[in-house]
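Every chain is numbered from 1 and lettered A, B, ... according to where its sequence line falls, protein lines coming before strand lines. Note that these values count all heavy atoms, side chains included, but never hydrogens, waters or copies made by symmetry. Predicted model only: the values in this text are computed from it and were never measured.
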2 protein chains.
Amino acid sequence: MDDLSASRGPATLKDVAKLAGVSIATVSKALNGREHVRAETRDRVRRAAEELRFSPNQLAQGLLAGRTGTVGLLTSDLEGRFSIPVMMGAEDAFGADSTSVFLCDARGDAIREQHHLRALLSRRVDGVIILGDTTNPRNSLGHDIPVPVVYAYAPSNDDSDISVISDNVDAGRLAVEHLLDCGRSRIAYISGDATYAAATDRVAGAKAALQKHGLELVGGEALYGAWTEGWGRAAVRTLLTRFPEIDGVLCGSDQIARGVLDSLREVGKDVPRDISVMGHDNWEQIASQSRPALSTIDMRLQEVGRVAARLLFAAIGGDAQPGVHKITCRVVTRDSTAVSD
Amino acid sequence: MDDLSASRGPATLKDVAKLAGVSIATVSKALNGREHVRAETRDRVRRAAEELRFSPNQLAQGLLAGRTGTVGLLTSDLEGRFSIPVMMGAEDAFGADSTSVFLCDARGDAIREQHHLRALLSRRVDGVIILGDTTNPRNSLGHDIPVPVVYAYAPSNDDSDISVISDNVDAGRLAVEHLLDCGRSRIAYISGDATYAAATDRVAGAKAALQKHGLELVGGEALYGAWTEGWGRAAVRTLLTRFPEIDGVLCGSDQIARGVLDSLREVGKDVPRDISVMGHDNWEQIASQSRPALSTIDMRLQEVGRVAARLLFAAIGGDAQPGVHKITCRVVTRDSTAVSD
DNA sequence: CTGAAAGCGCTTACAG
DNA sequence: CTGAAAGCGCTTACAG
């Protein structure tokens, strides 16, 4: 209709200024709530902005401010069950600060990671979260990156970096305490792959907690194997043969625990009457569908993500808090450790 | 040391120009491979850029070009097993075009979706992918969005939009054909929640395929229930009582199938000798750990994501291809339908 | 072959 | 209270 419709793309300050009959400086001030703008003018500008569906170009704002309100989330494993909840927590926390998140998947490839990092930096992100695919410590990206970096799930091997992890050692303690609370004392441990810190950390915490109560693992050591139901099924049969007295089985993961539950049912052991079983990870789909439903330890991964986002924010604001920040895990009680009295 | 080190933040064209002793225009041309730059000059500029680790500010480039090389990925369900692979595929395809992806999670909330959409538009994304959490058609965002939109996994209910989905009707056919190939003909169907298009589509495809072979489902209709192992366990027991002749069970999901397998083992039926069982979804963790390992239909979700990204790219380039684009599913053979001869 | 100038859309002192 | 001007970092005609 009028010549305004000729302008290409989204409305700009200039468009609003023309419609409101003022300068672009005045539009900017009015829309940003700056002082020294007459109320009547402000209203006129606002109406014009609304009519044109004006939405400020954040690229231009970012260019000027030196801050873009964006961060990079560099995951090594988009597929992973563990990285997703961390991502959710981070996305959640950033959203609350109206920061937008660039998602990049490095697929565990260092070259790809460097490539993505470069891309993020040229987009002038205000900071970066590096999301690991295991809890094993990973190489630091170093300190010549021009923006703050926070490592989540997998800590950096450099203590002057900022890292956030679930406290897996303490998780082992929590599991033991829970079984003790259920009146169990002859506890065996069927763990996963020993090359994973998540496996050894949990075992270490469990053993320390038992020791504090004057106890030790049945058999003296944890059994390490694969993170699979099959390993759980096989391992518990062996255990029962050698130590028929066990009344509690701690498992390195919910999958292993599920295998354990299946074997126990098949050999006629009643869970939780005869034996209590606990897993780790609180993998809802596995834990809730087990027979009986599985008690487990939740790593509170969303909280890991949230805290990572907050620490990144603080660092961007100049308040870097180096070191490894540990999130306390949580016992989730289901039927496999139910106490009947 | 020298006064260059005084410049704040990442190096700019100006910094490189000063170091190379040329104008910023020349730096720009040299670095972008434009003509009319002496080879010697170009080299000098390149060395200077490298020394300063110059990386062009993409905000500035985007402001000028009117294209930012960014897209929004608006998911309704970051937690979901199904949205993640689609996301991966999209991230993958975009990465290949060095486009960065803004990730937003609307959590199935229309208000939050609008909020995120506005944020994305003010960041001047070149396009948006809307990722559903179920395969049920969803409301279109309409056509007054200034950039192209592609709907993935859940199609838009507006045919003039661009949608990409897995062909679930055809998936039902694939499953039936596979069971027929295994010599089965007395096939029952244990489906999931009937309010899900994924449930009814697969059943519809299966029934049509049987009909084409002059067959029908045992009992005439599929059994609908929950997407759980428990439902699978219960349903197959009922089925066996009423129709002991069944030699094949099609399941609405791998979880249901897993329950079916467990019940069959418990009642002494041999899978696949007595009865073949198939699932849907190819949920690796469930299918590979079942006893026996589960044959299933893969929805090729990464391909859905990849195609969505490509269609978005095409639309951004002016070549919009409206309509529902269907990705053909794929049979994954494991032991539960193994043919022994 | 090289550089000064204009401009992308915005904000912020600084005059008026 | 309002607006002209400078500038964020870049690219692209246009002169020289």
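Relative to the side chain of T12(B), the nucleotides dT2(D), dC1(C), dG9(D) differ in distance, and dG9(D) lies closest. Between dT2(C), dC10(D), dC10(C), one nucleotide has an atom nearer to the side chain of R38(B) than all others, and that is dT2(C). Residue I24(A) places its side chain closer to dT11(C) than to any other of dT2(D), dG9(D), dT11(C). Relative to the side chain of V37(B), the nucleotides dC10(D), dT2(C), dG7(D) differ in distance, and dT2(C) lies closest. In the set dT11(C), dC10(D), dG3(D), the nucleotide with an atom closest to the side chain of R124(A) is dC10(D). Set against dT12(D), dT2(C), dC10(D), the side chain of L64(B) has dC10(D) as its closest nucleotide.
A parallel orientation is assigned to the rings of F82(B) and Y153(B), their planes being inclined by less than 30° (bins at 30° and 60°). F102(B) and F102(A) have parallel rings, their planes meeting at less than 30° on a 0 to 90° scale where 60° marks the start of perpendicular.
Salt bridge annotation for E50(A)-R47(A): absent, with no cationic side-chain nitrogen under 4.0 angstrom from a carboxylate oxygen. Looking at E91(A) and R306(A), no side-chain N of the basic residue comes within less than 4.0 Å of a carboxylate O on the acidic one, giving no salt bridge.
OP1 or OP2 of dC10(D) has not a single side-chain nitrogen or oxygen of S28(B) nearer than 4.0 Å. For dG3(D), the OP1/OP2 oxygens have a side-chain nitrogen or oxygen of T26(A) closer than 4.0 Å. Listed pair N32(B) / dT11(D) meets the phosphate criterion, a side-chain N or O lying under 4.0 Å from OP1 or OP2.
A residue-by-residue look at L63(B) and H36(B) shows that H36(B) has its nearest nucleotide of DNA chain C further toward the 5' end.
Between the side chain of K29(B) and the base of dG3(C) there is at least one donor-acceptor pair of N/O atoms closer than 3.5 Å.
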